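See below for the structure under consideration.
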Amino acid sequence: MPFQPLTQEPEIQRRWLESGAFHAKRASELLPGSKTFYMLVMLPYPSGRIHMGHVRNYTLGDVTARFRRMKGYEVMHPLGWDSFGLPAENAAIKNGIHPAIWTRQNIEEMKGQIQKMGISYDWDREIASFQDDYYRWNQWLFLKMWEQGDVFRAMRTVNWCEALGTVLANEQVVDGKDERTGFPVTQKPLEQYFFKTTKYADELLECLDGLDWPENVKTMQRNWIGRSEGARLAFDLEGDGQIEVFTTRLDTLFGVTFMALSTEHPAIEKAAETDAALKAFCDQVASVSREERLTSDVKLGHRTALHVIHPFTGEKVPVFAANYVLMDYGTGAVMGVPAHDERDHEFALKYGLPIPKVIESESEWDLGTLVNSGEFTGLKSEDAVTAMVAKLNGRAEKTTTYKLKDWGLSRQRYWGTPIPTVHCEACGVVPEKPEHLPVRLPEDVAFTGVGPSPLTTSRSFLDCACPVCGQPARRETDTMDTFVDSSWYWLRYLDPKNTELPFAKAESDAWMPVDLYVGGIEHATMHLIYARFFYKVLRDLGLASGPEPFQKLICQGMVLKDGSKMSKSKGNIVDPDAVISKYGADALRLFMIFAAPIEKEIDWTGFEGIEGASRFLKRVTRMVEDHGVTGEALPAKDQLTPAEKTLLIKLNQTIARLTDDLERRYQFNTVVSGLMELSNALGDLPADAPHRGAVLQHALDAFVRMMSPVAPHLAEQLWSQLGNQLEDRGLCMQAAWPEADPAFLEADEVLVVVQVNGKVRGRVTLPVHAGEEQRREAALACAEAQPHLAGKEIVKVVLPPGGKLVSIVVKG
RNA sequence: GCCGGUGUGGCGAAAUGGCAGACGCGACGGACUCAAAAUCCGUUUCCCCCUAAAGGAGUGUCGGUUCGAGUCCGACCACCGGUACCA
């Protein structure tokens, strides 16, 4: 049968599904001692169509899953849908279609596309976060975290559009305006819910060391967590009260000439009540949009009437409100040391403040020796900190701060998990009872894009009874950040139908941690930090075991078109469906794996690459067709001709190499080139080789099995063409991965390279197990090397292990 | 600025300290064909050379370690990515 992917692939996919070959076992079905492999890809958002990035991601995962199955592992390989979020709500506003309908349609569409690619997902484990049998567990976990004290409420500013009367997400705000209507957007404080991610900051940082993750991702996470050691120090305000600062340079304390406070600092807000000019300054800083604040680094300050007292000198230090001090880092207050901090320096120059030098060092910003610092003068910076903390007698202490912030999970949106709390006049904000879960999204809402969240207009949703006192109360209308959905989904795959718990611990114990997680680098910080945080919370709740969810991480590179990202607006999208309906899924899969190492970008310059992949598959098909089927057994090694032996050696070397590439190196592109090399070697076997039938049968049988993870459909077809009927040998995807035969891993003779002073000068053929003395003599006698040896003194002869090279060092 | 990564033919790339450029794409030449497509065979780093043989050079630059470096170490350059008033 020729290569006819368009008709064959759907037929083979049907066979796989009918045979249940993708089924992953429950913990109770697993035999004791069986090896498990959890292959996970990042939860996709059902935007409507799959793109080449998905194709690359899923193909890679599928190659690994299929390989591990053939290697005898029990494999977990599921997929689901990250199906809450803004686009569905926007579609509802624009087209009047309910988010649930839009979402379901998209999932159906994308699932169909993915199935056409022959990815071996266990669809019985499919989950979708917008369904209440999933999001009820978000709510359940929220309540557990509430109990543990891992949830709190606090004020935080949101993007507020007065004209629309609604809150907007950061990505909806462009140039300080709503990207849809152009109405202005301002910052407005709102009381919201937070997870205490900072509680785990140290552990999140320390556990990174043990993870087999790309170095750049680990670095990004370290920076994101941003651990910084320093000291807290309280300054007395003139009159009444204190201002606390965080500093990493307590040693520069004598250089303080001003105090800079965030415009949102409580002391500033209080002072602004009676100081109109200060109030105006704060309002002006607040009116600057997020993007402007990011791009501009002009320092602005406003001198207040306040002063603090220097704890050592007793001098009065002026207090400024400044735009460069962030309220959500440290204490929102900075002691200004213009001589030894670049930002303070710039600020002091602008506002004419003194810049006294208190540290002697190579560069003005470095640690060094204290000068002009009273009794501390002469101390080293490090020692001065300790001495000052002691002297300050409780007023200061060494502490650590983090850039990592607590996770604000409130969204003033409809299409998300309702936060399961209730506002009661008598009892305040109280958690819903677990037995009342799920708190379902109401259907009686309209999507206008104007006014507050649709949830606040639904009587059926709002009206409830207080779970504490039973009096009429109002339900919380905030929904959860969709990152909550994706922070534990891989555990729900393990037990998707559980109605008692989010997942049974037995399932998690059997399958966790995830052996390989593959997804885009864009999730290096947010998702991958939140997911790690959740896993630690789940561990502390006794629901999961182990410190980390994802042992190995691979971030696949993007698929580009002519050097830039494929996007609708550029009109440069290559649709996977179109490629599959012309070349078939196997050719697309093969190309995706072969084109470049997985972590690099692929540029889809044209169809040449996929043509090449298709050509290879045709050649392989033809080879199997031409061969037919023979029942001959492989003869003993000593009866084979040299050409036959050469082929079998190539075969076994390829088996060893591909196994290593897939099992240990996670290097996929060379798997394809290895297959190509082997197929070339198969073609090189002389037509008149005496044992041609038997040798080819043996080699093709292994070849087809090794091809199976990458091009599974064609492998299945060729597998049966080679005489492996379904009834006796089953599916190719269920066959065993070939084992390399040590007898055929090396040839009888080996070509030994002769180097003279590091340059290749000749080659000699020697028996593979030739002794050192034999190799040395043969090399020294090598005819081609003689001109380079004649009349020179042999200093030494190096015989490296492996026996493939002799290095002669000469002098003169 | 800081942090991380990457620099190899015309292109995508391989080389796990041991023959640099495997494998593929493209290009060129040939076979088959009336012709084309498809397919098959061959050539394809640079210099020297009619060609070949034999040399020589060559993995961003400069140095180092080693019998031997694309690979390890140091400095620099370029590009890509992350991040940026983080006190």
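The structure displayed is predicted, hence computed values, not measured ones. Letters A, B, ... are given to chains in the order of the sequence lines, protein chains preceding strands, and every chain is numbered from 1.
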Measure from [atom1] on [X] to [atom2] on [N] and round the result to the nearest Å.
X        : N      : atom1 : atom2 : value
A:Phe616 : B:rC25 : CZ    : P     : 11 Å
A:Glu608 : B:rG26 : CD    : P     : 6 Å
A:Leu590 : B:rC23 : CG    : P     : 16 Å
A:His340 : B:rC85 : NE2   : P     : 24 Å
A:Met220 : B:rA84 : CE    : P     : 12 Å
A:Glu215 : B:rU83 : CD    : C1'   : 16 Å
A:His523 : B:rG82 : NE2   : C1'   : 15 Å
A:Arg222 : B:rG82 : CZ    : C1'   : 14 Å

B/S/- contact track for nucleotides 8-22 of chain B, protein heavy atom under 4.0 Å: ----BSSSB-BB--B
Closest heavy-atom pair and its distance - A:Ala333, A:Ile243: CB-CG2, 3.8 Å
Testing the 3.5 Å rule here: is there a donor-acceptor pair between the side chains of A:Ser361 and A:Asp366? no
For the residue pair A:Asp661 / A:Tyr666, report whether a side-chain donor-acceptor contact shorter than 3.5 Å exists. no
Which value, in whole Å, describes the distance between the [atom1] atoms of nucleotides [N] and [M]?
N      : M      : atom1 : answer
B:rG63 : B:rA14 : C1'   : 28 Å
B:rC62 : B:rC46 : C1'   : 22 Å
B:rU6  : B:rU44 : C1'   : 27 Å
B:rU71 : B:rG64 : P     : 14 Å
B:rA15 : B:rU59 : C1'   : 11 Å
B:rA84 : B:rG12 : P     : 32 Å
B:rU61 : B:rC11 : P     : 16 Å
B:rU65 : B:rG81 : C1'   : 32 Å

Would B:rG82 be called syn or anti here, given the cut-off of 90° from 0? anti
Do the side-chain N or O atoms of A:Arg622 get closer than 4.0 angstrom to the phosphate oxygens (OP1, OP2) of B:rC40? yes
B:rA38 phosphate, OP1 or OP2: any side-chain N/O from A:Arg615 under 4.0 angstrom? no
Could you check whether A:Gly226 gets within reach of a base, just the sugar-phosphate, or nothing at all, counting any heavy atom under 4.0 Å? nothing
Under 4.0 Å, heavy atoms only, any strand: does A:Val298 hit a base, just the sugar-phosphate, or nothing? base
Under 6.0 Å between the ring centres of [X] and [Y]?
X        : Y        : result
A:Phe320 : A:Phe347 : yes
A:Tyr530 : A:Trp407 : yes
A:Phe591 : A:Trp604 : yes

Taking atom [atom1] of [X] and atom [atom2] of [Y], what is their separation to the nearest 0.5 Å?
X        : Y        : atom1 : atom2 : value
A:Arg692 : A:His627 : CZ    : NE2   : 9.0 Å
A:Thr386 : A:Glu382 : OG1   : CD    : 9.0 Å
A:Arg232 : A:Lys398 : CZ    : NZ    : 15.5 Å

Given that A:Met327 and A:Val217 both sit by RNA chain B, which one's nearest nucleotide is further toward the 5' end? A:Val217
Taking the six-membered ring of A:Tyr324, is the NZ or CZ of A:Lys299 close enough (under 6.0 Å from the centre) and on axis enough (within 45°)? yes
Nearest to the [X] side chain among [options], which nucleotide is it?
X        : options                : value
A:Asn680 : B:rG24, B:rA87, B:rC25 : B:rG24
A:Arg761 : B:rA87, B:rG56, B:rU39 : B:rG56
A:Ser228 : B:rC23, B:rA87, B:rG55 : B:rA87
A:Val809 : B:rC67, B:rU39, B:rA87 : B:rC67

Applying the Watson-Crick and G-U criteria (both distances under 3.5 angstrom) with [ ] for crossing and | for other-strand pairs, one obtains for RNA chain B (((((((..(((.....[....)))((((((.......))))))(((.......)))..(((((..]....))))))))))))....
Can you tell if the side chain of A:Leu528 reaches within under 4.5 Å of the side chain of A:Gln221, non-hydrogen atoms only? yes
